[in-house]
Amino acid sequence: MESLKILLEKYSLGDLASIFGLIITIIGFVITFIKVRQSKNAAELAQVISLKLREDLQRTDTVIEFSAAIISMDEIKRLHRQRAWEILPERYTSLRKSLISIKSSNDKLSIEQMRKLQSAIQNLKSIEEQVDFAIIHKKEPDNVDKLNKIIALQADKLTEVLIEIRNKIGT
């Protein structure tokens, strides 16, 4: 035991052990710091990917809603041609509500896209009022072909918006 104490004092092995311990502690701290930084970067990346996926899901939902609205517009044109005036007001109302829902639930739409949506909503409201007036007065609305032209124009504008939104999915 005495010789071990002399050996430790003679060669300063205690000091060397302390130095090695300090070096190992510093290396461990550096490795831990690097790993924590990598974890933080991975978490940030996962958050960005999650946000992007949510945006893509919202765009996909919007594409589906726009597609349904355009199909509804085609059906309304067909009903105009068939002179099915009694069932049209509820179709206009339903379509307007769908477009209002799209407009209010999408904060990523551009001002121009919002303008096109609002134009379609207003035109549908106007057509609905004309058809309601004709139904009340038991006559056919004036310029049925004009009504279909308005619906077709609005459908074309909404199709443009649909394509713009669909092209942003995954980018």
Task: Test side-chain hydrogen bond (donor to acceptor under 3.5 Å, both in side chains) applied to Thr25 - qualifying residues, sequence neighbours left out - done: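 None.
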
If Ile, Leu, Val, Met, Phe, Trp and Tyr residues are connected whenever their side-chain heavy atoms lie under 4.5 Å apart, and connections chain through other members, are [X] and [Y] in the same group?
X	Y	result
Ile64	Leu162	no
Ile26	Ile34	yes
Ile87	Ile135	yes
Val161	Ile100	yes

Open item on the list: Using the rule given for salt bridge (Lys or Arg N to Asp or Glu O under 4.0 Å), can you reason through Glu128 versus Lys125, listing the C-alpha separation, both sets of side-chain angles and the distance that settles it, and then say yes or no?
Closed with: CA-CA 5 Å; Glu128 181 179 2; Lys125 178 73 172 160; 5.0 Å; no

Going from [atom1] on [X] to [atom2] on [Y], what distance comes out if it is rounded to the nearest 0.5 angstrom?
X	Y	atom1	atom2	answer
His80	Asn148	NE2	CG	5.5 Å
Trp85	Gln130	CH2	CD	9.5 Å
Leu88	Leu95	CG	CG	11.0 Å
Ile151	Ile127	CD1	CD1	3.5 Å
Leu153	Asn123	CG	CG	7.5 Å
Met114	Lys103	CE	NZ	6.0 Å

Can a donor-acceptor pair be found, under 3.5 Å and without considering hydrogens, that links the side chain of [X] to the backbone of [Y]?
X	Y	answer
Ser39	Lys35	yes
Ser94	Glu90	no
Thr62	Gln58	yes
Ser119	Arg115	no
Thr159	Ala155	yes
Gln113	Ser110	yes

Task: Heavy-atom side-chain contact between Ile150 and Leu124 under 4.5 Å - done: no

Open item on the list: Listing request: all ring-ring contact (aromatic ring centres under 6.0 Å, His included) pairs with a residue in residues 122-158, at least two apart in sequence or in separate chains.
Closed with: Phe133-His137

- [ ] Scan for ring-ring contact (aromatic ring centres under 6.0 Å, His included) pairs involving residues 30-74, sequence neighbours excluded, and state none if there are none.
- [x]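 Listed once each, the pairs would be none.
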
- [ ] Could you tell me whether Ile111 atom CD1 has more than 12 heavy atoms of other residues or ligands within 6.0 Å of it?
- [x] no

Open item on the list: Please determine whether the number of non-hydrogen atoms from other residues, nucleotides or ligands lying under 6.0 Å from atom CD of Gln47 exceeds 12.
Closed with: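 No, because the 6.0 Å sphere around CD of Gln47 holds 12 heavy atoms or fewer from other groups.
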
- [ ] Enumerate the residue pairs fulfilling salt bridge (charged side-chain N to carboxylate O under 4.0 Å, His left out) with a member in residues 53-77, sequence neighbours excluded, ordered by first and then second residue.
- [x] Lys52-Asp56, Glu55-Lys108, Asp56-Arg59, Asp74-Lys77, Glu75-Arg78, Glu75-Arg91

- [ ] Enumerate the residue pairs fulfilling salt bridge (charged side-chain N to carboxylate O under 4.0 Å, His left out) with a member in residues 156-171, sequence neighbours excluded, ordered by first and then second residue.
- [x]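 Counting only pairs at least two positions apart or across chains, the salt bridge (charged side-chain N to carboxylate O under 4.0 Å, His left out) contacts touching residues 156-171 are Lys116-Glu160.
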
Open item on the list: Show the nearest heavy-atom pair for residues Pro141 and Ala134, with the distance to one decimal.
Closed with: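 Closest approach of Pro141 to Ala134: N-CB, 3.6 Å.
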
- [ ] May I ask you to list the residues sharing a hydrophobic cluster with Ile71, side-chain cutoff 4.5 Å, ordered by chain and number?
- [x] none

